[in-house]
Amino acid sequence: MNRWLMKSELDVYPYSQLVEDGQTHWDGVRNYQARNMMRDDMKLGDLVLFYHSNTKPPHVAGVAKIVREGYPDFTSWDVNSKYRDEKSSPENPRWFMVDIAPVKELAMVSLDAMKANPALEGMPLLRRGQRLSVQPVNVEHFNEVLSMAGVSPEDLE
DNA sequence: GCCAACGTTGGC
DNA sequence: GCCAACGTTGGC
């Protein structure tokens, strides 16, 4: 199983909204690296740290899981969508997305706390200038973040 | 194919 | 609101 981190701006789509919706499609990602991970690497059941960006403090808010593997992002050819890309079509989709569902809400784990934790050294999120909205997380880092929220991996089952 | 200009992300 | 980082665009 792979593990991931996905960023969402708190005031755009918070974890609480995911809980309310029960499931959502992760549309609007327009970055090739992130697309490739969603299209090729994210598998059913993979776990995701749900991260709130653009808020004070930035933080991990919960755990989600992949409930549908990569498929074309239909907002890319929706003329009414702000995510529209003229070069993408149903016949030749350029952008992909996955569906995620909530697993467990976490006590806030702030970016500062993560930076201060030596066990998280090397985590992509903590790298200077890291902007990717979808990132891989190794199992040690993933479990360490859980632990910082007082949760053990078994609690997710 | 290089690279300067530009736009966006996102912490601070 | 600032600005560093960095991906994308487009002229050449």
Side-chain angles (χ1 to χ4, degrees), chain A residues 2-21 24-42 46-66 70-100 102-138 140-151:
Chain A
N2 292 314
R3 290 168 180 78
W4 309 93
L5 178 142
M6 294 167 94
K7 295 181 185 174
S8 185
E9 296 186 31
L10 181 67
D11 54 2
V12 174
Y13 195 89
Y15 188 79
S16 58
Q17 187 67 50
L18 179 62
V19 171
E20 194 171 311
D21 293 344
T24 197
H25 50 263
W26 207 248
D27 62 291
V29 174
R30 297 292 178 266
N31 170 283
Y32 286 104
Q33 257 184 287
R35 177 202 70 179
N36 293 348
M37 286 188 270
M38 291 199 292
R39 186 188 60 189
D40 306 330
D41 301 327
M42 286 185 159
D46 280 2
L47 294 172
V48 178
L49 294 174
F50 194 105
Y51 178 85
H52 286 156
S53 65
N54 262 329
T55 184
K56 290 181 182 179
H59 60 275
V60 172
V63 177
K65 67 180 174 189
I66 307 298
Y71 63 105
D73 179 345
F74 51 77
T75 66
S76 65
W77 56 77
D78 177 354
V79 293
N80 296 315
S81 173
K82 64 173 178 171
Y83 297 125
R84 186 184 182 211
D85 179 349
E86 291 178 358
K87 291 172 182 156
S88 187
S89 66
E91 297 74 30
N92 191 15
R94 171 175 291 208
W95 302 109
F96 286 72
M97 60 187 175
V98 296
D99 287 359
I100 64 172
V103 173
K104 188 174 180 60
E105 186 167 13
L106 297 179
M108 175 188 296
V109 179
S110 73
L111 182 61
D112 274 350
M114 287 189 272
K115 283 179 174 171
N117 185 343
L120 294 180
E121 197 178 333
M123 191 175 175
L125 178 72
L126 308 182
R127 276 214 319 272
R128 188 172 161 74
Q130 179 52 259
R131 298 185 310 163
L132 258 190
S133 62
V134 176
Q135 308 179 359
V137 178
N138 71 36
E140 292 81 10
H141 291 160
F142 186 91
N143 288 340
E144 181 64 22
V145 172
L146 289 186
S147 153
M148 292 170 76
V151 168

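Each chain gets a letter, A, B and so on, in the order its sequence line appears, and its residues count up from 1. This one's a predicted model, so the numbers in the text were calculated from it and none came from an experiment.
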Checklist entry - Less than 4.5 Å apart, any side-chain heavy atom of A:Ile100 and any of A:Ile66? => result yes
Checklist entry - Looking only at heavy atoms, what is the nearest atom pair of A:His52 and A:Tyr15, with distance? => result NE2-N, 2.9 Å
Next on the checklist: Quick check on side-chain contact (heavy atoms from CB on, under 4.5 Å): which of A:Asn138, A:Leu146, A:Val145 does A:Phe142 satisfy it with?
Outcome noted: A:Leu146
Checklist entry - Would you call A:Pro93 and A:Trp77 a side-chain contact if the rule is heavy atoms closer than 4.5 Å? => result yes
Checklist entry - With ring centroids as reference points, do A:Trp95 and A:Tyr32 lie under 6.0 angstrom apart? => result yes
Next on the checklist: Expected output check: what is the dot-bracket annotation of DNA chain B, where ( ) and [ ] are pairs inside the strand (brackets for crossing ones), | is paired with another strand, and pairs are Watson-Crick or G-U under 3.5 Å?
Outcome noted: ||||||||||||
Next on the checklist: Can you work out whether A:Arg128 or A:Lys87 has the more 5'-proximal nearest nucleotide on DNA chain C?
Outcome noted: A:Arg128
Item to check | Given DNA chain C, 5'-ward residue of the pair A:Lys56 and A:Arg131, judged by closest heavy atom | outcome: A:Lys56
Next on the checklist: With salt bridge (Lys or Arg N to Asp or Glu O under 4.0 Å) as the rule and sequence neighbours excluded, what pairs involving residues 25-39 of chain A come up?
Outcome noted: A:Arg30-A:Asp73
Item to check | Aromatic plane relationship, A:Tyr13 with A:Phe50 - under 30° parallel, 30 to 60° tilted, over 60° perpendicular | outcome: tilted
Item to check | For A:Lys7 against A:Trp26, the heavy-atom pair lying closest together | outcome: O-CZ2, 3.5 Å
Checklist outcome for this item: Under a 4.0 Å heavy-atom criterion, DNA chain C is touched by chain A from C:dA4 to C:dT8
